Number of protein chains: 2
Amino acid sequence: MSCDMIQDAETDFIEGMGLILQADGMPRIAGRLMGLFVLRGGPFSFADLAETLEISRGSVSTNTRLLEDLGVIERVAIRGERQDYFRLAADPYAQIVERKRVRSIRAEEAIRRSADTLSEAGPEALDRIGSLANFFRVLSDATARALQDLETKDGNAHPARGTSTPSSIAAE
Amino acid sequence: MSCDMIQDAETDFIEGMGLILQADGMPRIAGRLMGLFVLRGGPFSFADLAETLEISRGSVSTNTRLLEDLGVIERVAIRGERQDYFRLAADPYAQIVERKRVRSIRAEEAIRRSADTLSEAGPEALDRIGSLANFFRVLSDATARALQDLETKDGNAHPARGTSTPSSIAAE
DNA sequence: TATTTCGTTCAGTCTTGACTGAACGATGTG
DNA sequence: CACATCGTTCAGTCAAGACTGAACGAAATA
């Protein structure tokens, strides 16, 4: 029943994840896959993914590899089966944050390197460049702490804690 | 002399900023403009920007507005001048972080909203969705702290205060 | 009021990247 | 060994967005 046909609410979730990931500069299909794996965690065969999401095998190949590289999903082997299977990774989000962090660090380095070359620039210019570099350092520091937060309060095993949710959402 | 022709090192810096901003999903020209404003802070006329970066007036209009909305630059009036002038804003980076934060919050809200609709889902599924929502919460929290960090150690106006400046820059 | 000088907007071009579908090599099966 | 099945790769198509240049309206000047 719930094998090849997807409920409406689930479709919404999957498509929503597609849009969220896409807004972050990733392929929409990667987001849809991620949504599907979050929804049902269990191992999916390569063919299942193509059929369920109605996408080509090429896209399945490309985007599963992408998500695998990101550590969001992992490839598992099932005995007696020739197909590849995938399931949600144990810690799906850590490497996403780590990648953001690395990008900020790279940016900061590149900027400081430029600052060295631009010794002819005035002191105010060097100040402004320093502030820019500092901006990227703040970003990388923030992602570093986010990484620690993720490890600590994983949220998975500890579902409905009291939550200091501002809950300002209800207002609207 | 240094009016219409740009030095090599400065060009590298400007182009580098173009690439960094582009990697973040923004127009490359916005990055180039930002690089130019960081390099020399002073007010530039609309025409200057088009000429210096060799871009069309249309692009100047679009991307100055974009950077203005982001709070990176601000439009200033100069008496006796009909042209618009722009200069680097006092706190150029705060709103960029704030925008990232809002996006994470929106994502978390959307996911939790979906979770309500998906009450038919099993408890493990709700767990996984909760973890996903938690992930975006961690991101928004991190950006919130980054925002505070930016306000605190602005680095620009308070150069050599008593210092907690890491000043590790000199080392390398 | 006529004219010039702004900045914005919009149609058109072009680049980039996602996605598809078919061809291909690899690996098990008969 | 021939055959079938699986996943990857690659050329081709398509859509999204950046950028340009010209047309346009607004505002100051004469």
Side-chain angles (χ1 to χ4, degrees), chain A residues 14-37 43-70 72-87 99 103, chain B residues 14-37 43-70 72-87 99 103:
Chain A
I14 289 173
E15 293 302 320
M17 285 305 299
L19 294 179
I20 289 177
L21 269 281
Q22 189 178 40
D24 223 80
M26 298 190 60
R28 182 187 293 202
I29 286 188
R32 283 204 273 242
L33 281 167
M34 188 166 156
L36 179 61
F37 278 103
F44 286 107
S45 76
F46 193 94
D48 275 348
L49 296 175
E51 190 183 355
T52 305
L53 296 181
E54 300 180 69
I55 57 181
S56 71
R57 288 189 299 160
S59 289
V60 173
S61 177
T62 300
N63 288 281
T64 49
R65 180 150 35 96
L66 173 62
L67 291 178
E68 200 182 2
D69 289 344
L70 274 174
V72 174
I73 64 177
E74 53 194 15
R75 203 175 296 244
V76 296
I78 294 189
R79 57 170 293 150
E81 278 287 347
R82 288 180 57 185
Q83 277 193 83
D84 287 2
Y85 279 74
F86 301 88
R87 69 166 171 229
R99 186 161 299 204
R103 235 185 37 196
Chain B
I14 289 174
E15 293 301 321
M17 286 305 298
L19 294 179
I20 290 177
L21 269 282
Q22 190 180 39
D24 223 79
M26 299 189 59
R28 183 187 292 202
I29 286 187
R32 284 204 273 243
L33 282 167
M34 188 165 157
L36 178 62
F37 279 103
F44 285 107
S45 76
F46 193 95
D48 276 348
L49 295 175
E51 190 184 353
T52 305
L53 295 181
E54 301 181 66
I55 57 181
S56 70
R57 289 189 297 159
S59 289
V60 173
S61 176
T62 300
N63 288 281
T64 49
R65 180 151 34 96
L66 173 61
L67 291 178
E68 200 183 2
D69 289 345
L70 274 175
V72 174
I73 63 177
E74 53 192 14
R75 202 175 298 241
V76 295
I78 294 189
R79 56 171 293 148
E81 278 287 348
R82 289 182 56 186
Q83 276 193 84
D84 287 4
Y85 279 75
F86 301 89
R87 69 165 172 230
R99 185 160 300 204
R103 234 184 39 196

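Order of the sequence lines fixes the chain letters, A, B, ..., with proteins taken first and strands second; residue numbering starts at 1 for each chain. Keep in mind it's a predicted model, so treat the numbers as computed, not measured.
A distance of 13.5 Å separates CZ in A:F44 from OG1 in A:T64, rounded to the nearest 0.5 Å. Going from atom CD1 of A:I55 over to atom OG1 of A:T62 covers 9.5 Å, rounded to the nearest 0.5 Å.
With D:dG7, C:dG7, D:dC19 as the choices, the nucleotide that has an atom nearest any side-chain atom of B:I29 turns out to be D:dC19. Distance from the side chain of A:T62 is smallest to D:dT9 among D:dT9, D:dG7, C:dT4. Picking from D:dG7, C:dT20, C:dT8 the nucleotide with the shortest atom distance to the side chain of A:S59 gives C:dT20. Each of D:dC19, D:dT20, C:dC19 was ranked by its minimum atom distance to the side chain of B:P27; first place goes to D:dC19. Out of C:dT8, D:dT20, D:dT8, the shortest distance to the side chain of B:R75 is found at C:dT8.
Remark: C1' of D:dG7 and CD of A:E81 are 15 Å apart, rounded to the nearest angstrom. A:E54 has its CD atom 14 Å from the C1' atom of C:dC19, to the nearest Å. As rounded to whole Å, 9 Å separates atom C1' of D:dC19 from atom CG of B:N63. To the nearest angstrom, P of D:dA18 lies 21 Å from CZ of B:R57. Per the geometry, CZ belonging to A:R28 stands 18 Å off P belonging to D:dC14, to the nearest Å. The CG atom of A:D48 sits 15 Å away from the C1' atom of D:dG7 (whole-angstrom rounding). In this structure, CD1 of A:I55 is placed 14 Å from C1' of D:dG7, rounded to the nearest angstrom. Distance B:R65 CZ to C:dC10 P: 10 Å, rounded to the nearest Å.
Counting heavy atoms from C-beta on, the side chains of B:I14 and B:M17 never come closer than 4.5 Å. A:N63 has its side chain within reach of A:L66: a pair of non-hydrogen atoms, C-beta onward, lies under 4.5 Å apart.
Where A:G25 and B:A47 meet DNA chain C, the nucleotide closest to each residue was compared, and B:A47 sits on the side nearer the 5' end.
One can find a donor-acceptor pair under 3.5 Å joining the base of C:dT27 and the side-chain atoms of A:R82.
A:F86 and A:F46 have tilted rings, their planes meeting at an angle from 30° to 60° on a 0 to 90° scale.
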